Amino acid sequence: MSYYHDKQMQELFEELKQPKTLEDLRLSDVFVRHLILKIISSFGTIKTRRLNELTGIHWDILEETLRKIEQDDLCAQVGGSFLFSSIDYTITRKGTEKTRRIMEENPYLGIAPVSYENYWHMMETQLDGRHPVHVPDEVIEKTFDDVVGLGKAKKCLVESCTIGKGIFIYGSPGAGKTFIVSKTSDLLPPIIIPKFIEFGGKVIQLYDPDFHKKCPEQPEDPRWVKIHAPFVFTGSELSLNKLETAYDSNKGVYETSPMIKANGGILLVDDLGRQRDDHELILNRLIVPMENKKDVIYVRGVPVVVYSHFIPAFSTNLDVSIMDEAHLRRAPLHIFLSHPPVLNVAEVFKRNLDQLGENYSDDAIERFKQVYTPAVKGGEGLEPSYAHARDLAHICQAARLNSGKTIIDVDLIEDALNKHVLIALQRMNIDIAQVQKRIRTFRIYTSQKEEVYNTISLFGADAISCELNSVLVDMEDSVTPTQMAEYLRENGVQFDKVDIVSETERELRRTIMEYEEE
């Protein structure tokens, strides 16, 4: 598809032909000689073919450089045929002594890096004007092919990628926040990055196979790699130290931070507020890279500007107030995900069973649905969760294998439900999030009291009661009026406004109710 290999990408491929001279390679003669010498020394004896594979340096440059090293009595030919690609080289005693000193200064062994100037030119060409981008309908459809429901969230994520603006996603645990954001980078076009950069004789590592997925087509120059737009995931383990570039003395490279690895893609800070370092300090560290699309790293104390052109995504199941206005301006789009509809959770459950290759009865699926159906409709009224659907599918598989059955039936569903810790805790009314659950009461002014009652019942309300022109709802205090209002709008319920009932009025109402019960 042209979206993934457009005209500009084709022109860049033409530009990234493998350099055949040192001048075109744009690395110093000394750096190249030292790199080759270190590799020969580490192997003892090595074929030129292997040197070519390890360094990515063209045969012409290799032949010229090896001749100079050999003239200096640092290496010697010890075998091979008349073809240069099959010649064996070994290190000499003099070469060993020299290599020892070189390794102390720069122990890097690997593919030849790209000059900083080349890196900057290539990034500037690709990233200036990267947004807005028109995401084709077929790309959107393919990206969200395995996402059940969440129509508004999908639309918001497409808009985020279109304009390159950050997004804040919040709501109930298990509602699919992390999963749907993880799909988002597939909406963005690919990007070409160098595997390593040379600056002042030192090497900076950009390519990370843990986060960077190679595209099928690759430039001729092996020092560059075309990757799908990266999705870099960080969670509660994120710290201020991990946002800085660190020098690895064993590998001899500066390892870049998640912000730089996310260049051209998405950086997700998941579980915001659960990091060991103060989340405000982490957000403050991100502000400049988010705003300028560039960050500064220090190589031997010298500041080096690198691109950090990522779309920030922040996810939390804590209160929305965890981010202040300055941070929200960098992530102006938002998605609120409450507990998903029962039918959507059941669909995800079936899809997980299908992926596991499991057969199941219709009665088993109906029993699964009953767990999350509101009590007023004959169900257990547990809070629906996509995470439950995934976990229960695996537990059901284990239960089936251990039972010797060929199909997942109602009995196996019951067995799995009894073994799932979060379901067991909900059934015992134990809230693991808080030792003492704090409640906030909302007054929803509406003429559609029955519609509000039915809709809010699925939202996880602790208690609901009706007044003359309003509905009173008790919820966890992590829910805000904005979230409540948005949930009602999403479900097509009309209302005038949503207020928080004061603590004084709550206490008065509780006293009146206790008196009436007596």
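Numbers for residues simply follow the sequence, beginning at 1. Note: hydrogens, waters and symmetry copies are ignored here, and every other heavy atom, side chains too, is used. Quantities reported herein were computed from a predicted structural model and do not represent experimental measurements.
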When [X] is tested against each of [options] for side-chain contact (heavy atoms from CB on, under 4.5 Å), which residue passes?
X      : options                        : result
Ile204 : Ile260, Thr256, Val253, Val114 : Thr256
Cys161 : Val139, Leu187, Asp186         : Leu187
Val473 : Val498, Val501, Ile456         : Ile456
Ile282 : Gln275, Lys242, Arg276         : Gln275

In the structure I gave you, are the side-chain heavy atoms of [X] and [Y] within less than 4.5 Å of one another anywhere?
X      : Y      : answer
Val471 : Cys466 : yes
Phe442 : Ile500 : yes
Leu392 : Ile423 : yes
Ser182 : Phe233 : no
Lys152 : Arg489 : no
Asp391 : Leu422 : no
Tyr119 : Val306 : yes
Pro194 : Met123 : yes

[X] side chain to [Y] backbone, donor-acceptor under 3.5 Å:
X      : Y      : answer
Gln218 : Cys215 : yes
Asp6   : Ser2   : no
Thr373 : Gly379 : no
Asn491 : Val493 : no

Handout entry: Residues Thr178, Asp270; criterion side-chain hydrogen bond (donor to acceptor under 3.5 Å, both in side chains); working and verdict
Key = CA-CA 7 Å; Thr178 304; Asp270 201 20; 2.8 Å; yes
Distance check, rounded to the nearest 0.5 Å: [X] atom [atom1] versus [Y] atom [atom2]?
X      : Y      : atom1 : atom2 : value
Glu467 : Thr446 : CD    : OG1   : 12.5 Å
Ile413 : Gln370 : CD1   : CD    : 11.5 Å
His212 : Phe231 : NE2   : CZ    : 12.5 Å

Donor-acceptor contacts, no H, no angles, side chain residues 219-226, under 3.5 Å, sequence neighbours left out:
{"residue": "Glu220", "atom": "OE2", "partner": "Gln18", "partner atom": "N", "Å": "3.1"}
{"residue": "Asp221", "atom": "OD1", "partner": "Arg223", "partner atom": "N", "Å": "3.1"}
{"residue": "Asp221", "atom": "OD1", "partner": "Arg223", "partner atom": "NE", "Å": "3.2"}
{"residue": "Asp221", "atom": "OD2", "partner": "Arg223", "partner atom": "NE", "Å": "3.2"}
{"residue": "Asp221", "atom": "OD2", "partner": "Arg223", "partner atom": "NH2", "Å": "2.9"}
{"residue": "Arg223", "atom": "NH1", "partner": "Pro113", "partner atom": "O", "Å": "2.9"}
{"residue": "Lys226", "atom": "NZ", "partner": "Tyr4", "partner atom": "O", "Å": "2.8"}
{"residue": "Lys226", "atom": "NZ", "partner": "His5", "partner atom": "ND1", "Å": "2.7"}
{"residue": "Lys226", "atom": "NZ", "partner": "Glu217", "partner atom": "OE2", "Å": "2.5"}

Problem - Any residue meeting salt bridge (Lys or Arg N to Asp or Glu O under 4.0 Å) with Arg50, in chain and number order, not counting sequence neighbours - result: Glu53
Contacts of [X] that satisfy side chain to side chain donor-acceptor pair (under 3.5 Å) - sequence neighbours left out:
X      : answer
His388 : Tyr372
Asp415 : Lys419
Asn284 : His327
Arg130 : none

Could I get the full list of side chain to side chain contact (heavy atoms under 4.5 Å, CB included) partners for [X], not counting sequence neighbours?
X      : value
Ala246 : none
Glu358 : Leu353, Leu356, Gln397, Arg400, Ile408
Asp146 : Phe179, Lys183, Arg351
Pro289 : Met259, Arg285, Asp295, Ser308, Phe310

Exercise for the section: Please report the C-alpha distance between Leu188 and Ile311 in whole Å, then the side-chain angles of each, then the deciding distance to 0.1 Å, and finally whether the side chain to side chain contact (heavy atoms under 4.5 Å, CB included) criterion is met. Expected result: CA-CA 10 Å; Leu188 295 168; Ile311 296 174; 4.2 Å; yes
Handout entry: Neighbour count >12 (heavy atoms, 6.0 Å) for atom CG, Asp128
Key = yes
Handout entry: Glu414 atom CD, over 12 foreign heavy atoms within 6.0 Å
Key = yes
Practice task
Show your reasoning for whether salt bridge (charged side-chain N to carboxylate O under 4.0 Å, His left out) applies to Glu141 and Lys154.
Solution key: CA-CA 10 Å; Glu141 185 177 347; Lys154 294 174 186 176; over 6 Å; no
Exercise for the section: Just do the side chain to side chain contact (heavy atoms under 4.5 Å, CB included) check on Thr441 and Asp474 with the steps written out, would you? Expected result: CA-CA 4 Å; Thr441 301; Asp474 285 350; 2.6 Å; yes
Practice task
Take Tyr207 and Phe196 through the ring-ring contact (aromatic ring centres under 6.0 Å, His included) test and state the conclusion after the steps.
Solution key: CA-CA 7 Å; Tyr207 175 66; Phe196 298 89; 8.3 Å; no
Handout entry: Check ion pair Glu366-Lys369 (N to O, under 4.0 angstrom)
Key = yes
Problem - Salt-bridge present (Glu255, Lys261; N to O < 4.0 Å) - result: no
Exercise for the section: With sequence neighbours excluded, give me every side-chain hydrogen bond (donor to acceptor under 3.5 Å, both in side chains) pair touching residues 403-412. Expected result: Lys405-Asp409
Practice task
Considering non-hydrogen atoms only, spot the tightest contact between Pro189 and Ala229 and give its length.
Solution key: O-CB, 3.6 Å
Exercise for the section: Work out which heavy atom in Met9 is nearest to a heavy atom in Ile192; give both atom names and the distance. Expected result: SD-CD1, 3.3 Å
Exercise for the section: Starting from the C-alpha separation in whole Å, work towards a yes-or-no answer on side chain to side chain contact (heavy atoms under 4.5 Å, CB included) for Arg367 and Val371. Expected result: CA-CA 7 Å; Arg367 177 65 188 100; Val371 174; 3.5 Å; yes
Problem - Residues in ring-ring contact (aromatic ring centres under 6.0 Å, His included) contact with Tyr487, at least two apart in sequence or another chain - result: Phe459
Exercise for the section: Go through the steps for Asn454 and Glu451 under the test side chain to side chain contact (heavy atoms under 4.5 Å, CB included), then give the verdict. Expected result: CA-CA 5 Å; Asn454 292 334; Glu451 289 84 349; 5.9 Å; no
